[in-house]
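Just below is one structure, and these are the notes that go with it.
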Amino acid sequence: MPELPEVETTVRGLATVLEGQVIARVQVNRPDLRRPFPPGLVQALTGARVTGLSRRAKYGLIHVDRGQTMVFHLGMSGRWRIDPDGIGKHDHLVIETGKGQVLALNDARRFGSVDLLDTDALDVWPQFAALGPEPLGPGLTPAHLAAAFEGRFAAIKLLLLDQRVVAGLGNIYVCEALHRAAIHPERKAGKVSLAALGRLVPEVRAVLEEAILAGGSTLRDYVRPDGELGYFAKDWRVYGREGEACGCGRPVERIAQGGRSTFFCGHCQK
DNA sequence: CACGATACCTGTAAGC
DNA sequence: TGCTTACAGGTATCGT
């Protein structure tokens, strides 16, 4: 489910419910996700007022008025449910606002995480300090990629998934961006021309921005009537389309890289 | 250090 | 129907 656009959509949806509200109740239903829930999480959040929400890479941030921020990562299967019809299986963290609205962090595989940090120390949090530039920010340039890829022999697809190179890309949007930029996913990163990187950067931005827009329109202001967040119609050009015709007519191919599926067109991508 | 493999955990879909 | 297998949008860690 969650790459950068889905996290962004989720954060915007959560903001409609949480922004400016007091957190009246916090319930933790198991000790951990990928890591233990932070000690004191319930106490820190209960009674606090949410001052704002934001996103960094694939992390969602909920800022409260006590100088702290709850940082969540959705892993592979995480999602927030708004006003769910009862607390269900895998609703590991439940938050209720002063207005009585309920938010449930649901994560079947529990690859996600929740952390509690001082807001003014977010930048030096090791997980954030290690991240590369935001793909939608000014830091992602062809020159940045060229520098990051210099001398590297790993496949470009794999390096684009490395959050230290660019922060927020995942398997779907890397496949899509490489296809749109006509770059073969197995090309050694250090050997991709600056011209090709010049095509790639705007395509990375475009796939992400289009996905965020689709999320907004599909979800109607980022929240579906059933309370689900982050899901929207997918119209990928290659992802999940093995054997189907690429725009050029040739079948989309599927290979494994780093143990994960890569979809591409061997005719369009060189 | 760069890089590939593996582990984490559960659900779902496909194959037999 | 039931059982087994492959695979899933992410990341940390381990060995070479």
Side-chain angles (χ1 to χ4, degrees), chain A residues 1-11 29-37 55-60 71-81 88-93 105-115 125-132 135 147-179 185-191 204 207-208 210-212 214-215 218-219 228-243 254-264:
Chain A
M1 192 289 266
E3 293 188 36
L4 184 153
E6 291 74 29
V7 178
E8 178 66 30
T9 299
T10 295
V11 164
N29 292 329
R30 59 168 294 122
D32 54 16
L33 297 178
R34 166 178 285 285
R35 301 190 292 276
F37 281 105
R55 175 192 60 72
R56 173 76 172 105
K58 299 174 197 169
Y59 294 86
V71 180
F72 65 85
H73 194 294
L74 297 175
M76 294 274 266
S77 56
R79 60 200 176 122
W80 282 93
R81 309 200 299 143
K89 201 175 181 186
H90 308 307
D91 284 337
H92 307 306
L93 175 69
L105 176 59
N106 184 289
D107 185 0
R109 293 176 74 179
R110 304 203 305 275
F111 287 174
S113 60
V114 170
D115 291 280
W125 188 40
Q127 314 245 28
F128 280 2
L131 292 173
F149 293 166
E150 170 90 41
R152 305 288 302 269
F153 289 85
I156 187 171
K157 151 88 176 334
L158 294 176
L159 285 197
L160 287 172
L161 286 174
D162 187 334
Q163 304 296 295
R164 295 169 296 187
V165 173
V166 195
L169 292 182
N171 203 34
I172 292 176
Y173 297 108
V174 165
C175 289
E176 293 296 306
L178 285 173
H179 177 258
E186 291 179 297
R187 286 278 301 284
K188 296 190 189 326
K191 306 224 163 161
V204 165
V207 289
L208 297 178
E210 287 170 20
I212 291 169
T218 305
L219 298 187
E228 293 290 332
L229 287 175
Y231 292 90
F232 44 83
K234 27 187 179 173
D235 53 343
W236 321 125
R237 297 186 192 177
V238 287
Y239 184 84
R241 296 189 174 280
E242 180 186 16
R254 166 174 158 163
I255 58 173
Q257 290 182 284
R260 318 191 56 194
S261 290
T262 298
F263 298 88
F264 71 103

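Given the structure is predicted, the values throughout are model-derived calculations rather than measurements. Letters A, B, ... mirror the listed sequences (proteins, then strands); counts begin at 1.
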**Q.** Rounded distance [0.5 Å steps], CG in A:L33 versus CZ in A:R109
**A.** 13.5 Å

Q) Centres of the A:F264 and A:H179 rings: under 6.0 Å? A) no

Q: Rounded off to whole Å, could you give me the CZ-to-C1' distance for the A:R164 and C:dA12 pair?
A: 11 Å

Q) Do A:R56 side-chain atoms and A:G60 backbone N/O form a donor-acceptor pair below 3.5 Å? A) no

(Q) Can you measure A:F111 atom CZ to C:dA12 atom P for me and round it to whole angstrom units? (A) 13 Å

Q.
Taking only the P atom of each, what is the distance from C:dG9 to B:dA14 in whole angstrom?
A. 16 Å

Q) Is the backbone N or O of A:I172 less than 3.5 Å from a side-chain atom of A:E3, with the two atoms forming a donor-acceptor pair by type? A) yes

Q: Go through DNA chain B in 5' to 3' direction and return only the first and the last nucleotide with some atom under 4.0 Å of chain A's heavy atoms.
A: B:dA2 to B:dG11

Q) In Å and rounded to the nearest 0.5 Å, what is the CD1 to CG distance from A:I156 to A:L178? A) 5.5 Å

Q. For A:R109 and C:dA8, what is the distance between atoms CZ and P respectively, to the nearest whole Å?
A. 10 Å

Q.
Suppose we call two aromatic rings close when their centres sit under 6.0 Å apart. Are A:Y173 and A:Y239 close by that rule?
A. no

Q | Whole-Å P distance, C:dA6 and B:dT6 | A | 14 Å

Q. Out of A:E176, A:R241, A:R254, which one pairs with A:F263 under the side chain to side chain contact (heavy atoms under 4.5 Å, CB included) rule?
A. A:R254

Q. To the nearest Å, how far apart are A:H73 NE2 and C:dA12 C1'?
A. 12 Å

Q) Distance-only, no hydrogens or angles: does the A:D107 side chain make a donor-acceptor pair with backbone N or O of A:R79 under 3.5 Å? A) no

Q) Tell me: CZ of A:R110 to C1' of C:dT11, nearest whole Å? A) 16 Å

(Q) If you assign A:G258 and A:G151 each to the DNA chain B nucleotide with the nearest heavy atom, which residue ends up on the more 5' nucleotide? (A) A:G151

(Q) Tell me the interatomic distance from A:L169, atom CG, to C:dG9, atom P, rounded to whole angstroms. (A) 14 Å

Q.
Could you check whether A:N171 and A:K157, counting side-chain N and O atoms only, form a donor-acceptor pair closer than 3.5 Å?
A. yes

Q | Nearest-angstrom distance, P atom, B:dC9 to C:dC14 | A | 15 Å

Q) When we call it a touch if two heavy atoms are under 4.0 Å apart, what does A:K188 touch: a base, just sugar-phosphate, or nothing? A) nothing

Q) Using a cut-off of 4.0 Å on non-hydrogen atoms, how would the nucleic acid contact of A:R35 be classed: base, sugar-phosphate, or nothing? A) nothing

Q: Establish, with yes or no, whether the OP1 or OP2 oxygen of C:dA12 is under 4.0 angstrom from a side-chain nitrogen or oxygen of A:Q163.
A: no

(Q) Expected output check: what is the dot-bracket annotation of DNA chain C, where ( ) and [ ] are pairs inside the strand (brackets for crossing ones), | is paired with another strand, and pairs are Watson-Crick or G-U under 3.5 Å? (A) .|||||||.|||||||

Q: Would you mind reading off the distance between A:L161 atom CG and C:dG9 atom P, rounded to a whole angstrom?
A: 10 Å

Q: Send over the distance from A:L4 CG to C:dT11 C1', rounded to a whole Å.
A: 16 Å

Q.
Does C:dG9 have OP1 or OP2 under 4.0 Å away from a side-chain N or O of A:Y239?
A. yes

**Q.** Given C:dG9, C:dC7, C:dA12, the nucleotide with the shortest approach to the side chain of A:Y59
**A.** C:dA12

Q | Short side-chain N/O contact from A:S261 to OP1 or OP2 of C:dA8, under 4.0 Å | A | yes

Q: With heavy atoms under 4.0 Å as the rule, sort A:G259 into base, sugar-phosphate or nothing.
A: nothing

Q. Going from CZ on A:F72 to CG on A:D115, what distance comes out if it is rounded to the nearest 0.5 angstrom?
A. 12.0 Å

Q.
Within the 4.0 Å heavy-atom criterion, would you say A:E176 contacts the bases, only the backbone, or no part of the nucleic acid?
A. nothing

(Q) Below the 4.0 Å mark, does C:dG9 have OP1 or OP2 next to a side-chain nitrogen or oxygen of A:R260? (A) yes

**Q.** side chain to side chain contact (heavy atoms under 4.5 Å, CB included) between A:R110 and A:R30, intermediate numbers included
**A.** CA-CA 11 Å; A:R110 304 203 305 275; A:R30 59 168 294 122; 3.2 Å; yes

